[in-house]
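Read the structure below first, then the notes.
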Protein chains: 2
Amino acid sequence: MKNEKRNNASLSTEISEQIKESIISKELDVGSRLPSELELAEQFNVGRSTIREALKRLAAQSLIRTQRGASGGAFINHIKFEEAHEQQITTSILLLSMNDVKFETACEARFALERACAQFAAHRRTNTDIKEIEKEILIQGQSNLTDEEFCASDIRLHRILVDCAKNPILSYQLAGAVEAMQPLMNMITYTVRSREKIVSFHKTIMRSIKNRDAEGINVGLSNLESYTKTLGQNLLESYK
Amino acid sequence: MKNEKRNNASLSTEISEQIKESIISKELDVGSRLPSELELAEQFNVGRSTIREALKRLAAQSLIRTQRGASGGAFINHIKFEEAHEQQITTSILLLSMNDVKFETACEARFALERACAQFAAHRRTNTDIKEIEKEILIQGQSNLTDEEFCASDIRLHRILVDCAKNPILSYQLAGAVEAMQPLMNMITYTVRSREKIVSFHKTIMRSIKNRDAEGINVGLSNLESYTKTLGQNLLESYK
DNA sequence: CATTTTTCATTTGTCAGACATTTAAAAACA
DNA sequence: TGTTTTTAAATGTCTGACAAATGAAAAATG
């Protein structure tokens, strides 16, 4: 771990950046323990609170986890898909809501990404996948379902769809992207309410997956896309 | 801002979570200022250092930025694509390197995502895009190029390719995914060295973009994919 | 009066020392 | 040997102090 000064950022920022680089460059192994806060403070020649603030920064990014007590300390964290996923979604949601992205743009991106796994999904879907999708479609048909429950099931369904591709990286990237756009999508389904049609699209897509018909999946997704876009447009015009 | 206690996490974690939710739920507007650290400490009934650690957590996620001096403080940050991008890449790189993802899986995901924008790229590419791609291809042909420079140009080229789709969300998601996999990819190009072939694939893809031939782009990307996979396999077997 | 300089109050950044709390290992004990 | 107690090390928190930055008000200056 080096000990140089670079820009004019705060000490705690610099220190956290240095440790971060050590982690990324694998100077520090996963699971290994950092020196105690007191030792780090001596090494970097700063106060303990400065070190603590640096460590909190790293903890916020799941780069380390801390443990209290004897033989406790800060350990290099093994980042799992779940954690990374959570973070990605939070960031993406904020990004979308703060940069007034057009609904059309978000919609286009979302379905383009989903279509990206159609080919794999058609080849690799299991019977379990089909059953799970059927389960969600059944749920979505219940008339006593709240909007929240319907949307939650919608998210699950699309996630299963993505998981059909049996590529964890694809799942990670896509699930993040799709879920991040869901708040925008929910705005639509909450207001316009068009469950029957959406469910019918889901059914079509499901049949294509069952038949291992990649092109059919793509068509189904594209249909759902244009329907969603229309809904979005109507909603927008109703505000004028 | 509420003031309840929930789980058994540390105070600073809880406080940062509470503020985070206030930001996501838009209780707090972008650009607005949080109370000063002293005021927050009083509000939450904790010491100032606890508040500071909570704020550092939020700063690490780009949710707030802090400014010193009179009328300084912590401000809700407007997250821009650039920042979110950086974070996403860091997380993804660590995720990939820590979860021993198969090269084949990463490769498949990467090119599937890139193909997702072929259709749009074919329709929307501008002449400027073409020029920029040609520029990178020229660079990649230079024989005195270091491996680092070649890889950097490779990244830029694929990023331009993605940007051809003129969908900022697609660009954000894909560029993140593609760049995160680059270290794995670099491992290949560094060792096996086969620039001529890669450049020839790039040229084919470029021609398809120029001709607005979406299918051609897909074929070109798929060819590049299978070639890259072969290289990866050879490299793996040479280690046996 | 207008402009420049100075002062000042506010706020974050850092440090030092103290105590609380947690936890694993060592020591004492039965 | 097995159980309980003690102890030491580490993070978590609080307090008070000072440094440094910074904008605004006040004062000095022409």
Side-chain angles (χ1 to χ4, degrees), chain A residues 1 3-20 23 28-29 31-78, chain B residues 1 3-20 23 28-29 31-78:
Chain A
M1 240 180 284
N3 200 342
E4 309 146 0
K5 280 189 184 177
R6 264 174 292 184
N7 39 19
N8 52 356
S10 69
L11 282 174
S12 74
T13 308
E14 271 189 43
I15 291 172
S16 81
E17 286 296 321
Q18 280 185 40
I19 299 178
K20 183 173 169 180
I23 296 174
L28 301 169
D29 296 327
S32 67
R33 210 201 80 161
L34 289 180
S36 75
E37 295 174 353
L38 223 59
E39 286 173 296
L40 283 172
E42 279 177 17
Q43 277 183 35
F44 285 99
N45 211 21
V46 297
R48 193 183 150 215
S49 44
T50 305
I51 291 291
R52 280 186 63 80
E53 286 174 17
L55 293 182
K56 291 315 145 204
R57 281 199 162 87
L58 298 175
Q61 297 171 276
S62 312
L63 294 179
I64 61 169
R65 64 175 190 286
T66 53
Q67 222 169 1
R68 292 174 77 167
S71 72
F75 298 85
I76 313 292
N77 199 22
H78 179 118
Chain B
M1 241 180 284
N3 200 341
E4 310 147 357
K5 278 188 185 177
R6 263 173 294 184
N7 41 19
N8 52 357
S10 68
L11 282 174
S12 72
T13 308
E14 270 190 42
I15 291 171
S16 80
E17 286 296 322
Q18 280 185 38
I19 299 178
K20 183 172 169 179
I23 296 175
L28 302 169
D29 295 328
S32 66
R33 210 199 83 159
L34 290 179
S36 76
E37 294 174 353
L38 224 59
E39 286 174 295
L40 283 172
E42 280 177 16
Q43 276 185 34
F44 284 98
N45 211 22
V46 296
R48 194 182 148 214
S49 47
T50 305
I51 291 292
R52 280 186 63 78
E53 286 175 17
L55 293 182
K56 291 314 143 202
R57 280 198 163 88
L58 299 175
Q61 297 172 275
S62 311
L63 294 180
I64 60 169
R65 64 176 191 284
T66 53
Q67 222 169 359
R68 290 173 77 168
S71 72
F75 298 85
I76 313 293
N77 199 21
H78 179 119

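Residue numbering restarts at 1 for every chain, and letters A, B, ... go by the order of the sequence lines. Only heavy atoms go into these numbers, but all of them, side chains included; no hydrogens, no water, no symmetry mates. Small disclaimer: the values here were computed from a predicted structure and weren't measured.
The nearest whole Å value for the distance from the CD atom in B/E39 to the P atom in C/dT10 is 11 Å. Look at CZ on B/R52: it is 17 Å from P on D/dG16, rounded to the nearest Å. In this structure, CD of B/Q67 is placed 10 Å from C1' of D/dA21, rounded to the nearest angstrom. C/dA16 atom C1' lies 13 Å from atom CD of A/E42, rounded to whole Å. Atom CG in B/L40 sits about 16 Å away from atom C1' in D/dC14, given to the nearest Å. Distance, B/L38 CG to C/dT10 P: 11 Å, rounded to whole Å. For A/E53 and C/dT12, the CD to C1' distance is 10 Å, given to the nearest whole Å. Atom CG in B/L58 sits about 15 Å away from atom C1' in C/dT12, given to the nearest Å.
OP1 and OP2 of C/dT12 both lie 4.0 Å or more from every side-chain N or O belonging to B/K56. In terms of phosphate contacts, B/T50 brings a side-chain nitrogen or oxygen within less than 4.0 Å of OP1 or OP2 of D/dC14. Taking only side-chain nitrogens and oxygens, B/S12 comes nearer than 4.0 Å to OP1 or OP2 of D/dT13.
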Check: Please walk me through it: do B/T13 and B/S10 pass side chain to side chain donor-acceptor pair (under 3.5 Å)?
Finding: CA-CA 5 Å; B/T13 308; B/S10 68; 2.6 Å; yes
Notebook entry, point to check: Do A/E39 and A/S36 pass the side chain to side chain donor-acceptor pair (under 3.5 Å) test, and can you show the C-alpha distance, the side-chain angles, and the key distance before you say yes or no?
Noted result: CA-CA 5 Å; A/E39 286 173 296; A/S36 75; 3.3 Å; yes
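Taking only distance into account, the side chain of A/R68 never meets the base of C/dT23 through a donor-acceptor pair shorter than 3.5 Å. Residue-to-nucleotide contacts include a donor-acceptor pair under 3.5 Å from the side chain of B/R48 to the base of C/dG13.
Comparing A/A70 and A/T66 by the nucleotide of DNA chain D that holds the closest heavy atom to each, the one mapping nearer the 5' end is A/A70.
B/F75 has its side chain out of reach of B/L34: every pair of non-hydrogen atoms, C-beta onward, lies at least 4.5 Å apart. Between A/I64 and A/I23 there is a side-chain heavy-atom pair separated by less than 4.5 Å.
Within the nucleic acid shown, A/S49 comes within 4.0 Å of at least one base atom, counting heavy atoms only. Base contact: B/G69 has a heavy atom under 4.0 Å from a base atom. A/R33 comes within contact range of the sugar-phosphate backbone alone, with a heavy-atom separation under 4.0 Å but no base atom that close.
Closest approach to the A/S71 side chain among D/dC14, C/dA24, D/dG23 is made by C/dA24 (side chain taken as heavy atoms from C-beta onward).
When atom types are taken as modelled, the side chain of B/R48 and the backbone of B/A41 share no donor-acceptor pair closer than 3.5 angstrom.
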